[in-house]
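This report refers to the structure that appears directly beneath it.
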Amino acid sequence: MLFGLYQPNAARVFVRGSFDGWQEPGRELALHRGYFGIPNLWLGVVPEARAGDEYAYVVQGGVPRNAAGRFERRCTDPLARRLGTSFDDDTAVVVDPSTYAWTDHAFRTPDRADMILYELSVYGFTEGDPGIKQPGRFAGITQRIREGYFDELGVNALSLMPLSEFAGEQGPHALGYNTSVFAAVERDFGTADDLRELVDAAHDHGLAVLLDQVFNHTSNKPNPLWQAILESPREDGSPTEGGLYFSGSTEWGNRVATEKRDVQNLLIDTCKLFLTEYHVDGFRLDSTRNVDRGFLLRLADELTRFRPETVLVAEHLPNESGLNRSGYDGYSQWADPFHDRMKVLLREGAIDADQIGDVFYFSHAAYAAHTNNTVNYVESHDETSPAFEVGTNPTTNQPATKDRKGRLGLFSTVVALGIPMIYMGQEFNVERDRNVVSFQWPPGGPENSGFYRWARRLVHLRRRYPALRIAGYDPAGDGRFTWILGPWMDPAHGGGHKVLGWRLRPGRSAHDAMVVLLNFEQFTVRVEVELGLAGSWVKLADLDRVDDIPPGGTNSTADPATLHSNDGRFGAFELPSSSAYLYKWESG
């Protein structure tokens, strides 16, 4: 077993462990040239060490004085794959990443244009569900994957909230964003092989897996990285700042010094470890406004060279174009404009109607260069659910309104240009405040929820039809997207009202053509709809019903809701209050 520690300021480094009865001071490691071509990497082989052994490093020099007055400290491995049985003992566990028998060799990460993200908490997704054998753990998610839950729902990418080790108990408000070390898997969730089994099962079902990385801050205490490497140790041993890994603070905890090349190397290596040893498909980076911009660009460059299909998502609020890179290969940013405007529209707040168009066109004018740069959502772990938000307005605080607004929010997310994201429980229209991971599953199972039955049919429309997955730099400019309703247009086409409509034509075939219509007003708006093609337009979805044409459903041009046009136009179309429609051309 080869042990290694990056410690540029130490005089001597030892490794101790259960493999030798924790002998003091331990096996001495030899100093080698490492990063930057200078001696800073301590390495040594321990022949008798095995997977499952606990270990820790003993560092002399470059650390604060201990109780005995010596510059000596027992240190946790910054790249530990698992922490020891006691969080306070600074030990790690040897994990052999090579024994798991992977079966996902044929899996390929979906193109971002085809992705439908599903954000979930390892604990909250199955906690309290009597049908899950190991609730609140990796195995609980794996069970749901194998039972076909995500196949039924239609999403194809799981975005797991942080699973790195953190101090504290699991619970409804335990989001996991107070991590302590970056590569160690949270012991409450299961073993490293349990995580591998989850990813393997996901890939077997066509699901990509993204991990949430918290590189902006760590928990304040306990924190194994705090003062693990002192850059300028005080001779008198008096308290110092956090050392190499930290620089200042954030509102959540110690700020990680992502502007330092040494720290960047650790974080990049952590990502490569997860890509290699756990086969994950990418990462969502938390609160990147507190992360060095140069590091974010370097991280993207290095990871996409290492694995070109790596997916990178950033919570960079407010959004900015500096993370777009070349557009298609840039960070997919959680779209702040879409979320904020949708929440105002859903709770019937005051908003300038002219502000609503761009958010459905992948926030192109706001920051995005390419549809890949945009993740649209109305709910996340940080944000209230639509039902909760609607309940904050006394005039809309009623069950029927909450149901309709929840449907309108999900419908808008699915049809907008960009990558849609659903937060766990949104498929049931759960009423939930922000920063809560627990939710109540429908008694008797998901199929007992009418909202769920509607939602999964809607999601499958996005999976089936290219028109709902149009991607690129400017689909309007190349003729694949055409506005037909909007507040900025003349009165017959929505002028002055909070209504939107657009045509989608991803290719030459008329059968791929679709039309989307949305009304966010609290009253009916009569409009003229420029369908663009004469013939029969089948209504695939509204807020009450989703019925695809065969083989996905039973719909046809004989349905009474079908629009028939002799000239590609439909006059005097009435959009009821809080409504949404999706039409598909079916015959001439």
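Treat the numbers as computed from the prediction; the structure is a model and nothing was measured.
By the side chain to side chain contact (heavy atoms under 4.5 Å, CB included) test, Val93 is found to be paired with Glu54, Arg82, residues two or more places apart in sequence or in another chain being considered. For Phe150, the ring pair (Phe, Tyr, Trp, His ring centres under 6.0 Å) partners two or more places apart in sequence, or in a different chain, are Tyr118, Phe125. Taking the ring pair (Phe, Tyr, Trp, His ring centres under 6.0 Å) definition, one finds that Trp102 meets it with Tyr100, His279, sequence neighbours left out. For Val459, the side chain to side chain contact (heavy atoms under 4.5 Å, CB included) partners at least two apart in sequence or on another chain are Ile116, Ile422. For Phe246, the ring pair (Phe, Tyr, Trp, His ring centres under 6.0 Å) partners two or more places apart in sequence, or in a different chain, are Trp226. In this structure, Tyr331 has no ring pair (Phe, Tyr, Trp, His ring centres under 6.0 Å) partners at least two apart in sequence or on a different chain. Listed by chain and residue number, Tyr123, Glu127, Pro172 satisfy the side chain to side chain contact (heavy atoms under 4.5 Å, CB included) test with Ser438 (two or more places apart in sequence, or in another chain). Under the salt bridge (Lys or Arg N to Asp or Glu O under 4.0 Å) criterion, Asp547 pairs with Arg545, sequence neighbours left out. Contacts of Arg50 classified as side chain to side chain contact (heavy atoms under 4.5 Å, CB included), with partners at least two apart in sequence or in another chain: Asp53. Partners of Asn372 according to the side chain to side chain donor-acceptor pair (under 3.5 Å) rule, which considers only residues two or more places apart in sequence or in another chain, do not exist here.
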Which donor-acceptor pairs under 3.5 Å do the side chains of residues 130-142 make with protein atoms, sequence neighbours left out?
residue: Arg137; atom: NH1; partner: Asp188; partner atom: O; Å: 3.0
residue: Thr142; atom: OG1; partner: Phe138; partner atom: O; Å: 3.1

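Side-chain contact annotation: Asp262 with Tyr6, donor-acceptor N/O pair under 3.5 Å present.
A salt bridge (Lys or Arg N to Asp or Glu O under 4.0 Å) check over residues 417-431, counting only residues at least two apart or in different chains, returns the pairs Lys402-Glu431.
Shown here for Asn290 and Trp252, the closest heavy-atom pair between the two residues is ND2-CZ3, 3.1 Å.
Under 4.0 Å is where a charged nitrogen must lie from a carboxylate oxygen, and between Asp204 and Arg146 no such pair does.
Between Phe274 and Phe182, the distance separating the two ring centers is not shorter than 6.0 angstrom.
Between Phe189 and Asp194, the closest side-chain pair of non-hydrogen atoms is not below 4.5 Å.
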